[in-house]
There are 2 protein chains.
Amino acid sequence: MGNENLVFEKYLQSKGLKLTQPRKIILNAAFATHEHFDVDGLYDQIRKKQKDVSRATIYRTIPLLVEAGLIKQSLRCLAKDHYEHIYGHGRHLHLICEKCGKIIEVESKETENILNKLAKKHNFNIKEFNVGAKGICNKCQK
Amino acid sequence: MGNENLVFEKYLQSKGLKLTQPRKIILNAAFATHEHFDVDGLYDQIRKKQKDVSRATIYRTIPLLVEAGLIKQSLRCLAKDHYEHIYGHGRHLHLICEKCGKIIEVESKETENILNKLAKKHNFNIKEFNVGAKGICNKCQK
DNA sequence: TTCATTCTGAGAATAAATCTCATTCTCAAT
DNA sequence: ATTGAGAATGAGATTTATTCTCAGAATGAA
């Protein structure tokens with residue numbers, strides 16, 4: 001376990017908000033898996049542990065986690081919103097299989113550098129990268 | 001006007017489908033603007049011209065246009081799905097302003113090459129690129 | 001024309017995300 | 001410890017984009 005809790009608390013303090021019990025639970029659930037997650041996934045995971053947090057609170061907490069720089073919204077690949085944590089993880093890009101939904105994560109400093117270069121040219125202040133491709137994965141090609 | 005009509009007709013024929021009046025209207029609306037568009041945008045645009053096509057038909061036709069390689073879904077940046085046409089346009093990546101919603105389109109062969117290289121390494125068959133970044137544009141920084 | 005198939009519009013249905021509001025919690029000041 | 005003001009929560013209603021259903025209309029080959 002990293003120190004996401006600390007980061008989150010700091011962020012909340014800076015906004016005059018509180019690190020409450022439900023928010024802690026949601027934060028931990030979000031960081032419990034190293035996969036991508038969605039609201040329903042968090043909800044189920046929390047309920048399995050006999051904790052009790054409403055969907056509404058999850059929906060309300062996610063933007064805070066994004067703002068705090070702890071998670072980001074993933075490339076859209078399905079109907080509902082998906083997120084991944086970015087705190088303590090190198091940036092990566094995604095190859096998303098259209099058949100089985102599998103997400104392959106790949107490191108690529110190069111892409112990031114290019115985007116940074118282009119952004120500078122347009123005087124654009126990048127907050128978040130979104131790089132990836134959809135297609136058919138190894139297995140599903142057969 | 002390019003020959004999107006022809007491309008679409010060929011695609012439909014290959015699937016045993018027909019290039020009907022509503023489908024023509026939707027195709028033309030999609031290619032009438034060089035901006036990104038969404039379902040409601042198309043619907044309004046079509047109604048302004050006294051034509052009559054239902055939302056349901058637009059929703060049904062869009063996947064066909066995607067399959068035909070004429071349009072693609074854009075990087076998610078808002079609540080609803082957005083599309084852009086790709087037929088007759090070079091690939092580009094997007095810098096999306098989180099404040100004003102402006103989309104800056106940038107050419108970058110480099111990024112494409114890198115993604116192709118990485119995909120090959122993973123034996124992944126790329127169908128569609130999605131490259132971009134969110135942040136704050138030039139104007140909104142002030 | 002006939003027949004099988006495909007299309008369409010209208011509105012119902014679904015599902016994710018947001019909002020409302022009454023209640024509960026939190027914490028600094030007393 | 002108590003209080004009070006503001007923040008947070010849960011439950012369910014609401015909104016909004018998208019998909020589905022179905023009866024009728026269009027299409028095109030035989």
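Each chain gets a letter, A, B and so on, in the order its sequence line appears, and its residues count up from 1. Below, each value reflects all heavy atoms present in this structure, side chains not excepted, and no hydrogens, waters or symmetry copies.
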Hydrophobic cluster identity match, B:I71 and B:F129, side-chain contacts under 4.5 Å: no
Is there a side-chain contact between A:T20 and the phosphate of D:dT9, meaning an N or O under 4.0 Å from OP1 or OP2? yes
Mind checking B:R23 for me? I need base, sugar-phosphate or nothing, with any heavy atom below 4.0 Å counting as a touch. sugar-phosphate
Rounded to whole Å, CG of A:L42 lies from P of C:dA17 at a distance of 12 Å
Taking only N and O in the side chain of B:K80, is any of them less than 4.0 Å away from OP1 or OP2 of D:dA17? yes
A:R55 side chain vs A:V39 backbone, donor-acceptor pair below 3.5 Å: no
Touch check for A:D52, heavy atoms < 4.0 angstrom, all strands: base, sugar-phosphate only, or nothing? sugar-phosphate
Under 4.5 Å between side-chain heavy atoms, hopping through other hydrophobics if needed: is there a path connecting B:Y83 to B:Y11? yes
Could you tell me the separation between the OH atom of B:Y59 and the P atom of D:dT16, rounded to a whole number of Å? 13 Å
Between B:Q21 and A:T57, whichever has its closest DNA chain D nucleotide further toward 5' is A:T57
Round to a whole Å and report the spacing from CD1 of A:I25 to P of D:dT9. 10 Å
Please name the pair of heavy atoms, one in B:N123 and one in A:N138, separated by the smallest distance, quoted to 0.1 Å. ND2-OD1, 2.7 Å
